[in-house]
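What follows is a short report on a single structure.
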Amino acid sequence: MAKHFFIRRDFADISPFLDFIRAQADRERDALGFLPQPAYEEAARQRKLILLLVQDGDETSYAGHLLFGGIFPILRVRQIAIAPRYRRHQHASTLLRTLIAQGENEGYLNIVANVATDLTGANSFYEKHGFVSSRLKAGGKTRNRKINVRILQLDTPSLISYMVDSKVATALEMLPRKRSPEIPIYAIDLNVFFDAVKVRARSQDAIAVFEAALKHQIRVAASHELFAELKRKSNNLTNDPILSLAKTIPTLPVQEKAKIESLKPHIAPLVFPERSAAGKLKSTDESDIAHLAHAVAAGVSGYITSDEKVLAARDRLMRNFSLDVIGLSEFVHLLDLPNEIAPAPSKSTKGFRIQTPTIEEVTTFLKREGVSTEGYISISKCRRSAVFDNQGLVAVSLLDPAPALERPTHSVICVHQEHPFSSTIADFLISEQVQLCSISGARSLLLMDISSQPITRRIALGQGFQQAHEQSGLFKVSLGTPITSTTWTDARLVIERLSGMTLQEKCPRYDKPEVTVSINGTPRTVGLFELETLLSPTLLALPQRKAVVVPITPTFAADLLGTDAQYTFLDVPEAQFLFRRTYFNTVRAARAMIRGSIIAFYESSRGGKGRGAIVALGRIVDVTSIPANNAPELLQRGGVVDDIEALTKSDRILATTFDNLLVLNKPVSFKKLRELGCVSGANFVSATPITAKQLVSIVQAGFPDD
């Protein structure tokens with residue numbers, strides 16, 4: 001009769017075989033190490049022991065086992081052993097695949113196996129199953145071994161895989177926009193040239209474009225039509241200073257005239273649909289069409305203009321010719337370098353502090369963690385930040401900022417994964433980098449994906465990063481400001497410019513919270529809540545979006561929201577290190593606090609110390625009623641209230657978790673809120689629902705264009 005092998009996980013099934021398990025492990029102590037006798041029974045009770053049994057007729061006996069441990073989100077293989085007579089039949093692989101399936105089913109991110117370098121067979125086994133060697137570490141002093149730390153990244157569903165239709169197997173891919181490896185060429189039209197040489201409203205922007213070209217950050221070029229148009233308008237071809245100046249501008253590569261002429265009939269109806277259909281194009285229309293045709297034929301990176309007709313046609317020009325039409329002021333904004341080159345300010349909280357490390361400290365720490373940044377980021381030239389505790393350096397953050405048009409900002413975050421506050425530290429460093437990148441406008445960020453950093457990776461995915469296709473990095477677009485129906489068009493163009501992901505042209509409504517996106521021409525549906533996470537920090541203040549204004553004292557605002565600048569130099573609550581934080585209020589507010597809605601924080605003016613204004617916005621991700629005398633630790637860590645019971649006379653309190661925090665550039669005063677019709681009889685003493693239209697008015701007042 002053929003032998004039958006099967007897996008057992010329950011303590012009742014494993015208990016009779018514990019002596020066999022221990023005996024087999026002791027026989028292979030050199031490879032598996034030593035564990036005391038009670039350890040096997042404890043592991044079995046905790047369901048951390050997988051037993052392989054063999055049935056031969058009526059007899060059932062031990063064939064092998066796998067003992068594991070770990071703390072979420074990391075599993076650790078401690079022992080794999082197979083009885084000698086059952087080896088070379090893939091049974092060890094069966095046990096390992098069982099653990100892999102369990103880890104993926106339960107949401108774990110990695111499995112780690114520590115294998116001595118002299119165990120060539122064991123190293124080969126793990127290598128065959130995809131365990132990558134991440135670093136070497138010293139073993140015990142007795143044998144003076146070197147330990148190979150091997151890591152397997154599990155195929156665990158992330159936030160991104162849940163964003164798309166469950167029937168779609170592939171994940172949503174937002175990729176860094178591919179640009180020419182050379183300095184990109186941008187075509188300019190006559191309006192941009194005149195803005196630069198004459199005193200006009202957009203002169204400073206035009207001058208900034210030419211300054212960028214002189215610095216070799218970009219290349220600007222003009223079509224032959226620009227010079228032809230200047231000649232037609234010139235009163236003196238031999239002595240025209242403007243024409244002479246224009247001749248100093250590089251021209252686009254010469255294209256075949258037939259090619260340009262063939263493009264014109266296709267471009268005309270896209271830019272001037274009515275006049276083109278009626279056959280009544282003006283001479284200026286013909287000139288604009290010629291400019292665009294030359295730019296398309298030359299394959300430029302973009303076309304800079306301030307012409308409203310051309311800008312209105314940019315979606316159609318992008319769709320038909322892949323021509324990126326960019327407004328002059330918008331282009332200058334994308335040229336700006338993120339304003340975060342300055343050294344990181346010192347900041348401390350319970351148990352650890354943040355300050356700027358030396359190059360030597362960073363290099364030593366990364367070497368100890370087995371991480372190399374060579375060819376990815378220059379430690380000496382980037383912005384450095386580090387987290388220290390009483391024992392020394394436990395995490396580093398490196399940021400190499402880049403203009404949005406050039407490439408994604410490169411970053412590295414390395415956290416000692418065994419540190420008890422590793423999740424909090426990673427959370428803070430990642431959100432800090434994202435906020436710094438988007439402080440002066442939308443930016444893209446490419447975070448180095450380090451296989452030995454599963455906790456850091458999990459936190460990054462939760463903040464909207466995702467695996468960059470065919471790149472060893474995690475990619476994210478950060479907008480930094482809210483989106484309204486008025487700014488939807490501009491925002492979607494920025495997103496496409498940075499990521500290649502196209503959003504639907506029509507602004508969505510929040511009562512139907514989905515949006516159609518297109519990746520490489522393939523349309524998919526994404527929830528607005530998930531899109532908000534991908535583009536965080538941002539808030540979609542769209543039609544039908546629910547919102548609520550809640551009161552907060554100046555002290556709590558400083559602690560919870562970080563709206564007081566002086567707190568940069570003092571000890572701050574742990575909540576300020578978290579992407580998601582907790583706002584506590586009475587259970588009476590439950591009806592107004594709705595998951596997915598926007599929360600506006602009104603800093604009260606009681607005692608004359610507060611500003612009497614809305615100072616920040618966020619997004620509600622969870623609302624729960626909890627016992628006032630026994631709040632869960634995670635919620636307490638995200639809040640700044642030491643004595644929760646003092647907030648209410650009830651035995652329960654409402655805990656509202658929020659993220660996507662945006663501090664207003666200009667606080668919206670009580671007087672302004674009254675003008676906007678947001679003030680009820682309660683005067684924001686309690687949670688006050690507001691309409692989507694009122695929310696938009698607050699956003700526009702809090703984030704003025706100037």
Are T409 and L446 close enough, and set up right, to give a side-chain contact (heavy atoms from CB on, under 4.5 Å), and what steps lead you there?
-> CA-CA 6 Å; T409 287; L446 190 64; over 6 Å; no

In chain order, what residues pass the ring pair (Phe, Tyr, Trp, His ring centres under 6.0 Å) check against H129, with sequence neighbours excluded?
->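 Ring pair (Phe, Tyr, Trp, His ring centres under 6.0 Å) check on H129 returns F125.
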
Residues two or more places apart in sequence or in another chain: which of them pass ring pair (Phe, Tyr, Trp, His ring centres under 6.0 Å) with F6?
-> H4

So, for [X] and [Y], which heavy atoms are closest and what is the spacing to 0.1 Å?
X    : Y    : value
I359 : I379 : CG2-CG2, 4.0 Å
S411 : L447 : OG-CD1, 3.2 Å
F579 : S431 : CD1-CB, 4.4 Å
I425 : A395 : CG2-CB, 3.5 Å
S385 : I354 : OG-CG2, 3.4 Å
L95  : A81  : CD1-O, 4.4 Å

Would you please test L52 and I7 for side-chain contact (heavy atoms from CB on, under 4.5 Å) and show each step?
-> CA-CA 5 Å; L52 178 68; I7 296 289; 3.9 Å; yes

Would the distance check show the side chain of [X] and the main-chain N or O of [Y] forming a donor-acceptor pair, the cut-off being under 3.5 Å?
X    : Y    : result
D389 : Q391 : yes
T456 : A426 : no
Q453 : V415 : yes
D56  : E59  : no
S499 : M501 : yes
S15  : F11  : no
H416 : S422 : no
R595 : V621 : yes
T533 : F529 : yes
S124 : T120 : no

Within the structure provided, determine whether [X] and [Y] are in side-chain contact (heavy-atom separation under 4.5 Å).
X    : Y    : answer
I100 : I111 : yes
L51  : Y62  : yes
V112 : N114 : yes
M448 : L398 : no
P408 : L445 : no
L49  : L66  : no
L393 : V387 : no
V434 : P537 : yes

Lys/Arg cation over aromatic F17: R22, 6.0 Å, 45° cone |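 Because its charged atom misses either the 6.0 Å distance or the 45° angle limit, R22 does not stack over F17.
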
Face-on cation placement of R619 at F658 ring, 6.0 Å and 45° thresholds = no

Among side-chain atoms of [X] and [Y], is any donor-acceptor pair under 3.5 angstrom?
X    : Y    : value
D659 : Q463 : no
Q433 : S397 : yes
Q79  : H65  : yes
E42  : Q46  : yes
T538 : S536 : no

Taking the six-membered ring for Trp, are the ring centroids of Y86 and F5 within less than 6.0 Å of each other?
->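 Between Y86 and F5, the centre distance is under 6.0 Å.
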
Considering only NZ, NE, NH1 and NH2 on the basic side and carboxylate oxygens on the acidic side, decide whether E361 and R384 come within less than 4.0 Å.
-> no

Salt bridge check: are R145 and D30 linked by an N-O gap of less than 4.0 Å?
->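 Yes, this pair counts.
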
Worked verdict on L534 versus Q466 for side-chain contact (heavy atoms from CB on, under 4.5 Å) | CA-CA 8 Å; L534 280 176; Q466 59 182 299; 3.5 Å; yes

Can you tell me how far the [atom1] atom of [X] sits from the [atom2] atom of [Y], to the nearest 0.5 Å?
X    : Y    : atom1 : atom2 : result
N110 : R76  : CG    : CZ    : 10.0 Å
N660 : E532 : CG    : CD    : 5.5 Å
D400 : S378 : CG    : OG    : 7.5 Å
D26  : I21  : CG    : CD1   : 12.0 Å
R443 : S478 : CZ    : OG    : 10.5 Å
R97  : I50  : CZ    : CD1   : 12.5 Å

Assess whether salt bridge (charged side-chain N to carboxylate O under 4.0 Å, His left out) is satisfied between R457 and D449, documenting all intermediate values.
-> CA-CA 7 Å; R457 192 176 198 276; D449 192 6; 3.2 Å; yes

Between F131 and Y126, what is the ring plane arrangement, given parallel below 30°, perpendicular above 60°, and tilted in between?
->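 Because their plane-to-plane angle is over 60°, the rings of F131 and Y126 count as perpendicular.
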
Step-by-step side chain to side chain donor-acceptor pair (under 3.5 Å) determination, N123 to N148 | CA-CA 8 Å; N123 275 285; N148 197 354; 3.2 Å; yes

side-chain contact (heavy atoms from CB on, under 4.5 Å) between H89 and I82: does it pass, once the steps are laid out?
-> CA-CA 10 Å; H89 293 285; I82 302 295; over 6 Å; no

Pairwise salt bridge (charged side-chain N to carboxylate O under 4.0 Å, His left out) hits with a residue in residues 79-89, at least two apart | E28-R87

